[in-house]
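Lettering of chains follows the sequences in order, A, B, ..., and the numbering in each one begins at 1. For clarity, every value in this text was computed on a predicted model and none was experimentally measured.
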Amino acid sequence: MKGKKKDYLLLKIATIFLVILFLFIAQRSFDAYILRILNLSGIYVILGVSLNLINGFTGQFSLGHAGFMAIGAYASALLYMSPELKEVNYFIAPLIWPFSVIQVPFVFSLIFAGLLSAGVGFLVGAPCLRLKGDYLAIVTFGFSEIIRVLFNNLQSITNGPLGLKGLPTYTNLWWSWGIAIFTIWFIKNLVNSSYGRALKSIREDEVAAEAMGVNLFYHKVLSFVVGAFFAGIGGALLGSLLMTIDPNSFGFAMTFQIIIIVIVGGLGSIAGSVIVGILFAILMEVLRAVESPMNILGLKIPGIPGMRMLIFSILLMIVVLFFQQGLMGTREWSWEWLHHKLTRTKKELEEGS
Amino acid sequence: MSILKADHLTIRFGGLTAVSDFYLDLEEGELVGLIGPNGAGKTTVFNMITGVYHPTQGEIYFRDQKITRQSVDKITALGIARTFQNIRLFANLSVIENVMIACHLRIKSSVLSAAFGLPSYLQEENYIREEAEKLLKEVKLENFKNYVAGGLPYGEQRKLEIARALATHPKLLLLDEPAAGMNPQETKELMAFILEIQEKYKLTIILIEHDMKVVMGICKRILVLDYGKTIAEGNPEEIQHNPEVIKAYLGVEANYA
């Protein structure tokens, strides 16, 4: 048992070392296109895992993730943009004081984005989480739409539908994957703790959970607030990666993408969200091919924008029909599993030779 | 000392009076049976005591503290635990997790110290794991601790529900048809088990049960409900010979003379 624990520790250190090495090499030598995909996959992982906490582990079906992302993206952008850049962007209605003059380092803008989003998560969650199932989904979707409409009209804060352009790209692999790894670690610890068990008990049976002394309101709001916190940070990273944000990019399509990641990966599986989050970012690029004009056997097919989402919808339907638990179900990747695999292959190799 | 006092509880759902004028003064250490035909309002009484329903009239006092409009989880924290008529385990979670969830109300560490895995939290986690294992041993489920709760046989699920209720450290335990679906042998074991845990944890117990062998065998006092009204109260002997009770269960005797 002691020896195993030591093995796990070695494994963890080795994995962390390899990941850091990979990020280091990738950041230095990969071209911008691949870097962008890697960054996106890190951000999708953050968003998928955080939504899985609400939808998968607590069983509260929320469709409000894009709203929290929008709050995070705008809140951080207003803080890290330089005053000159703001002046260029807000040419119709000037930005209100004090946002027009302040500029803070990226890291603080990220933290603020997360905290503001979590605060809004609390304000929205407190009344909404009295509802269940479809009703909660509709209300959270409504919240997300309200944010979108609000941001379209708050000209002197968000610059309205013009959006913010020319944002500085602070997001790099260290930010996106550093925060993704922190998110995975934090939420994995949380769901495996006593609080996490309480969240899962709410998913299983609210009546019994409450009768066993679980405060439903507190724990539902808790998962909503933690989810919103990471969604806010994910939105902030995304804004700085894409260099441009506008309210309409945080519409239902955005929430839908994250929902696909969570459901295909498996409601209640962090590993599933991570794997599908990465695959999603890659597929989004690979499948661009189907949107370009094609020439199959002399048949000319013009490029159809939006074909990618159609393919994703079909994939989602296949998963819902044939893999109802998602790819991973509620299974998790664990150090024990990796250790088992590695020691087994070693043994097999020894036997083979 | 009175542990629970239900002071003339009445509850109406729309025009239907489910329970009317229910009075119960429970002494510490008692084992009281609550019987009556289907739909008599027995489970509704449990739901009022545990805060799931709020009575239309009347008050409930637990150890001289009014708990009438408290929330369910607060009442559980005060020391009232229950099992359910139709088993309500956390079916997709493991057996030990089911019990550990019921220990959650005693966790003092904050969410953040739990998520960051601070030593103060890990100590508490170890402590509740040990306690859960101890409870599982008591109901002889320790070999199933990593099984999925929903996969256990029916009788074991009932026992797990009791273990889970005990994990909240109750003073008063409400058992809703614990012997339902058990064979005579299991029922006999259950009766011994109920007396054993009552002794060991100094519990006061209210028992809803249709199996008269169980009720007459272990309850010192029995209340009979019919159409929401308490029609009889007394020891098993008195109840068995009470004409009102016989009427409620068997209907009015036809006069053939």
Side-chain angles (χ1 to χ4, degrees), chain A residues 12 49-50 53 56-59 118 122 130 182-227 229-230 266-270 325 329-332 336, chain B residues 46-47 50-52 71-84 86-94 96-118 121-122 124-125 127-129 132 148-150 161 164-165 167-170 174:
Chain A
K12 281 183 198 178
V49 171
S50 59
L53 177 72
F57 288 99
T58 321
F122 175 77
R130 291 170 187 282
F182 175 75
T183 310
I184 297 167
W185 177 80
F186 184 91
I187 291 185
K188 192 172 164 60
N189 262 352
L190 179 66
V191 297
N192 288 335
S193 75
S194 190
Y195 286 93
R197 281 192 295 272
L199 297 182
K200 287 184 247 179
S201 78
I202 294 174
R203 172 189 72 193
E204 294 291 316
D205 189 330
E206 277 193 15
V207 175
E210 200 177 18
M212 292 305 124
V214 174
N215 184 334
L216 295 184
F217 180 74
Y218 174 82
H219 286 90
K220 283 182 187 176
V221 171
L222 169 72
S223 95
F224 213 67
V225 167
V226 173
F229 176 80
F230 286 110
L267 284 163
S269 169
I270 294 174
Q325 304 283 306
T330 51
R331 275 172 295 163
E332 288 294 357
E336 285 85 346
Chain B
F46 272 20
N47 281 336
T50 53
V52 178
S71 65
V72 177
D73 55 292
K74 289 223 178 66
I75 291 176
T76 308
L78 285 173
I80 302 181
R82 73 177 294 185
T83 64
F84 294 90
N86 43 346
I87 298 176
R88 277 177 176 269
L89 288 171
F90 307 122
N92 294 316
L93 302 181
S94 73
I96 194 160
E97 278 179 312
N98 266 272
V99 181
M100 287 172 83
I101 285 162
C103 299
H104 179 62
L105 53 90
R106 285 193 299 283
I107 290 276
K108 293 203 170 54
S109 307
S110 68
V111 189
L112 286 180
S113 59
F116 285 111
L118 299 186
Y121 166 74
L122 292 178
E124 274 191 299
E125 167 91 9
Y127 182 73
I128 62 170
R129 187 172 289 276
V148 173
E161 255 208 333
R164 188 180 66 173
T168 64
H169 288 190
L174 310 178

Original post:
Which residue out of A:R203, A:K200, A:K188, A:M212 racks up the most heavy-atom pairs below 4.5 Å with chain B?
Top reply: A:M212
Original post:
For the residue pair B:F116 and A:F182, does the interplanar ring angle fall in the parallel (under 30°), tilted (30 to 60°) or perpendicular (over 60°) class?
Top reply: tilted
**OP:** Check each atom of B:I75 against the heavy atoms of chain A and say whether the ones under 4.5 Å are side chain, backbone, both or neither.
**Re:** neither
**OP:** Might you confirm whether atom CD of A:E206 has over 12 heavy atoms from other residues, nucleotides or ligands at distances under 6.0 Å?
**Re:** yes
Original post:
Given the options A:G213, A:G268, A:A198, which has more heavy-atom pairs under 4.5 Å with chain B than any of the others?
Top reply: A:G213
Original post:
If you round to the nearest 0.5 Å, how far is CG of A:N189 from CG of B:L112?
Top reply: 11.5 Å
**OP:** For chain A, find which of B:A102, B:A167, B:G117, B:S71 contributes the most heavy-atom pairs closer than 4.5 angstrom.
**Re:** B:A102
Original post:
Which atoms of B:T83 come close to chain A, meaning under 4.5 Å heavy atom to heavy atom: side chain ones, backbone ones, both, or neither?
Top reply: neither
**OP:** Taking all non-hydrogen atoms of both residues into account, name the closest pair between B:T76 and A:E210 and its distance.
**Re:** OG1-O, 3.8 Å
Original post:
Quick one: of B:T50, B:L122, B:I107, who has the most non-hydrogen atom pairs under 4.5 Å with chain A?
Top reply: B:I107
Subject >> A:I187 portion near chain B, given a 4.5 angstrom heavy-atom threshold >> reply: neither
**OP:** State, to 0.1 Å, how close A:S194 and B:E125 come at their nearest heavy-atom pair, and which atoms those are.
**Re:** N-OE1, 3.9 Å
**OP:** Specify the closest pair of heavy atoms between A:V214 and B:D73, including all atoms of both residues, with the distance to one decimal.
**Re:** O-CB, 3.6 Å
Subject >> Interface residue of largest heavy-atom contact number with chain B, from A:L190, A:N192, A:D205, A:N215, under 4.5 Å >> reply: A:D205
Subject >> Proximal component of B:A77, with respect to chain A [non-hydrogen, under 4.5 Å] >> reply: neither
**OP:** Let me know if A:V191 has heavy atoms under 4.5 Å from chain B in its side chain, its backbone, both or neither.
**Re:** neither
Original post:
For chain A, which of B:L105, B:V72, B:V52 has the most heavy-atom pairs under 4.5 Å?
Top reply: B:V72
Original post:
In terms of heavy-atom pairs under 4.5 Å, which option from B:E97, B:M100, B:H104 contacts chain A the most?
Top reply: B:H104
**OP:** Between chain A and each of B:P170, B:S110, B:C103, B:A165, count heavy-atom pairs under 4.5 Å; write down the option with the most.
**Re:** B:S110
Original post:
What residue in B:F90, B:F84, B:Y121 has the most heavy-atom pairs under 4.5 Å with chain A?
Top reply: B:F90
Subject >> B:I101 vs A:E204, side chain to side chain contact (heavy atoms under 4.5 Å, CB included): CA-CA, chis, key distance, verdict >> reply: CA-CA 12 Å; B:I101 285 162; A:E204 294 291 316; over 6 Å; no
